[in-house]
Amino acid sequence: MTFRSEFLARLEARGFIHQLTDAQGLDDLAAREPIRAYIGFDCTAPSLHVGHLTQIMMLRHLQQSGHKPVVIMGGGTTRIGDPSGRDTSRMLLSDADIAANMASIKAVFERFLTFGDGPTDAIMINNADWLDGLEYIPFLREVGRHFSINRMLTFDSVKLRLDREQPLTFLEFNYMILQAYDFMELYRRHGVRLQMGGSDQWGNIVNGIELTRRIEGGELFGLTTPLLTTADGAKMGKTAGGAVWLNEDQLSHYDYWQFWRNTHDADVGRFLKLFTDLPLDEIARLEALGGAEINEAKKVLANAVTTLARGAEAAEAAAETARRTFEEGTAGTDLPRLTASGALPLVDALVGLGFAASKGEARRLIKQGGARVDGEKIVDEAHVLTIGNGSVKISAGKKHHGLVEPA
RNA sequence: GGAGGGGUGGCCGAGCGGUCAAUGGCAGCAGACUGUAAAUCUGCCGGGUUUUCCCUACGUUGGUUCAAAUCCAACCCCCUCCA
């Protein structure tokens, strides 16, 4: 359908919309008045990763179209663990871990959203505020009676586990109830009308809408984004080294930039729309580039996305390092580095720079011709570097480059 | 509580007394070809060590044996059915 509201029109044009509970109703509402919409984030790790980026960008578009983003930190729900999309239970995190993670995650949002007290300023709320104080019996009487087990069993998050004969604890089984309760509580406390999330959250979102309608008579809306996979079907945001973290203390600016620079051809257009603010006609132009020229589009993508998450300076530095390293074959300043003095076995340098997980792997790398020192291929596993006064460039394969510098 | 089935490397999944660091698949890494892409082909893929050597590993702990992922016992956890 064609949306009248700027918000939905934008999301639609950029490929954010997968499912919508009441497209017409939400469109009318968003066209008529500023709305408050929320997305919840788990605090299971000290940083969000690029898999969360779709959600964050959606809040950004919300704010840019004149609405108010509400970021929910799952301080309470993380103590339960969301079974959605998982076939095994999460480890239970300690409260201290959760608090530390939450503090670490918060900072990222400030790069994407403007927080404050104004009408369209974003706010951040911890659902522990109301979940921690819940009393069991009163909660069951108020909320629990609106959930039928029969129906809960049909939700994907539960069904998947049951079908695969994998355990689902009662603790986890309650997650969807608490998330539904969140939505209602946000409606009560802050007048939030819309919950957004990944497609795996559909069930949880619908539950919240239903619950609020029954108890409060309020009309709420839900919107989910498509599950994001790369062109070859892999889940977004996982690389060899693990997740692609948004926090810079978890992943260097350069590596973050490189992740985007290495986007598959087929994904470039989609990613530009989802993860950057570039105008659509500009994206159409970039997307149309064929052959080797699409590399230009990838650089634009990497620059734009890195600027958002890490700042313009970080993006420029990473881009410059990449240019020097890959196009000139020299070395940029942003590369991973290692200091040493005197004699350093190449194997140790490779391990020290993080290019190999063990010495055995480093040896293997050398044996197979993947290791280079100052651009020169080394096949001697026992090669020893002599660190004098200049830095030495170490390469592992075509993509990993680093520097060993004198101490 | 009872009966049965099961817990193997990042994941899936074989093995069921030596020839097992453990078949196969996926994922991953490197090489060739390229465009820091994809596809394809080749090699590698527990750790250490200049190597037919040592460590660690098949839920946990003990035991049998010259020898155990493989047999036995106890325990822990999971699944199914019964109560």
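As a basis for the values below, the full set of heavy atoms in this structure was taken, side chains included, without hydrogen atoms, waters or symmetry mates. Labels below follow one simple rule: chain letters A, B, ... track the order of the sequence lines, proteins then strands, and each chain is numbered from 1.
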Quick tally for nucleotides 41-48 of chain B: nucleotides whose base has a protein heavy atom under 4.0 Å get B, sugar-phosphate-only ones S, the rest -, giving --BSS-SS
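With rounding to whole Å, A/I378 atom CD1 is found 14 Å from B/G31 atom P. Between A/L335 atom CG and B/U36 atom P there is a gap of 16 Å when expressed in whole angstrom units. Atoms NZ (A/K367) and C1' (B/U51) sit 11 Å apart, rounded to a whole Å. Whole-Å rounding puts the A/E328 CD to B/U36 P distance at 14 Å. Remark: P of B/A38 and CG of A/N262 are 8 Å apart, rounded to the nearest angstrom. With rounding to whole Å, A/I366 atom CD1 is found 13 Å from B/U50 atom P. Between the NE2 atom of A/H400 and the C1' atom of B/C29 there is a distance of 8 Å, given to the nearest Å. As a whole-Å value, the separation of A/L350 CG from B/A30 C1' is 12 Å.
Of the possible polar contacts, none joining the A/D27 side chain to the A/F3 backbone as a donor-acceptor pair under 3.5 Å is found.
Side-chain polar atoms of A/T114 and A/D121 form no donor-acceptor pair below 3.5 angstrom. Counted by atom type alone, A/N247 and A/S104 present one or more donor-acceptor pairs between their side chains at under 3.5 Å. Defined by atom type and a distance below 3.5 Å, a donor-acceptor pair is missing between the side-chain atoms of A/W260 and A/N303. A/Q195 and A/Q179 share a side-chain donor-acceptor pair at under 3.5 Å.
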Please output the side-chain donor-acceptor pairs of residues 386-399 of chain A that fall under 3.5 Å, not counting sequence neighbours, one pair per line with the distance.
from   : atom 1 : to     : atom 2 : distance (Å)
A/K393 : NZ     : A/G329 : O      : 3.1
A/K393 : NZ     : A/T330 : O      : 3.0
A/S395 : OG     : A/H401 : ND1    : 2.8

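The side chain of A/H264 lies closest to B/A38 when the candidates are B/A38, B/U34, B/U36. In the set B/U36, B/A37, B/A30, B/A30 carries the atom at the smallest distance from any side-chain atom of A/L365.
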Test salt bridge (charged side-chain N to carboxylate O under 4.0 Å, His left out) on A/R189 and A/D129 and set out the steps. CA-CA 11 Å; A/R189 296 179 178 220; A/D129 290 354; 5.4 Å; no
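A donor-acceptor contact under 3.5 Å links the side chain of A/Q258 to the base of B/U36.
Residue pairs meeting the salt bridge (charged side-chain N to carboxylate O under 4.0 Å, His left out) criterion with at least one member in residues 43-56 of chain A: none, sequence neighbours excluded. Listed by first and then second residue, the salt bridge (charged side-chain N to carboxylate O under 4.0 Å, His left out) pairs that reach into residues 325-349 of chain A are A/K299-A/E327, A/R323-A/E328, A/R337-A/E405, A/D348-A/K359, sequence neighbours excluded. For residues 135-150 of chain A, the pairs satisfying side chain to side chain donor-acceptor pair (under 3.5 Å) are A/E142-A/R188, with sequence neighbours left out. Here ring-ring contact (aromatic ring centres under 6.0 Å, His included) pairs that include residues 295-324 of chain A, with residues two or more places apart or in two chains, number zero. Listed by first and then second residue, the ring-ring contact (aromatic ring centres under 6.0 Å, His included) pairs involving residues 344-384 of chain A are A/F355-A/H400 (not counting sequence neighbours).
Applying the side-chain hydrogen bond (donor to acceptor under 3.5 Å, both in side chains) criterion to A/H67, with sequence neighbours excluded, gives no partner residue. Taking the ring pair (Phe, Tyr, Trp, His ring centres under 6.0 Å) definition, one finds that A/F109 meets it with A/F41, sequence neighbours left out.
Within residues 293-311 of chain A, the residues approaching RNA chain B are A/I294, A/N295, A/K298, by heavy-atom distance under 4.0 Å. Residues from residues 317-326 of chain A placing a heavy atom under 4.0 Å of any atom in RNA chain B, listed by number, are A/A322, A/F326.
Comparing the P positions of B/C26 and B/A74 gives an interatomic distance of 41 Å, to the nearest angstrom. Taking atom C1' on both B/C58 and B/U8, the two are 4 Å apart, rounded to the nearest angstrom. Look at the P atom in both B/G62 and B/U56: the space between them is 14 Å, to the nearest Å. Rounded to the nearest Å, the gap between the C1' atom of B/A14 and that of B/G25 is 11 Å. Nucleotides B/U36 and B/C55, compared at atom P, are 47 Å apart to the nearest Å. The separation of B/G6 from B/C20, taken at their P atoms, amounts to 24 Å, rounded to a whole angstrom. For B/U65 and B/C71, the C1' atoms lie 9 Å apart once the distance is rounded to whole Å. Using C1' as the reference atom, B/A69 and B/A22 are 8 Å apart when rounded to the nearest Å.
In RNA chain B, runs of at least 3 stacked Watson-Crick or G-U pairs (N1-N3 plus N6-O4 or O6-N4, or N1-O2 plus O6-N3, all under 3.5 Å) give these stems: B:1-7 with B:76-82, B:10-12 with B:24-26, B:28-32 with B:40-44, B:46-48 with B:53-55, B:59-63 with B:71-75.
When each of A/A292 and A/K377 is assigned the nucleotide of RNA chain B with its nearest heavy atom, A/K377 is the one assigned upstream, toward the 5' end. Take the nearest nucleotide of RNA chain B for A/D265 and for A/R372: the residue whose nucleotide is more 5' is A/R372.
Relative orientation of the A/H49 and A/H52 rings is tilted, given thresholds of 30° and 60° on the angle between their planes.
Between B/A37 and A/K399, a contact under 4.0 Å exists linking OP1 or OP2 to a side-chain N or O.
A 4.5 Å side-chain heavy-atom check between A/L289 and A/V268 finds every atom pair outside the cut-off.
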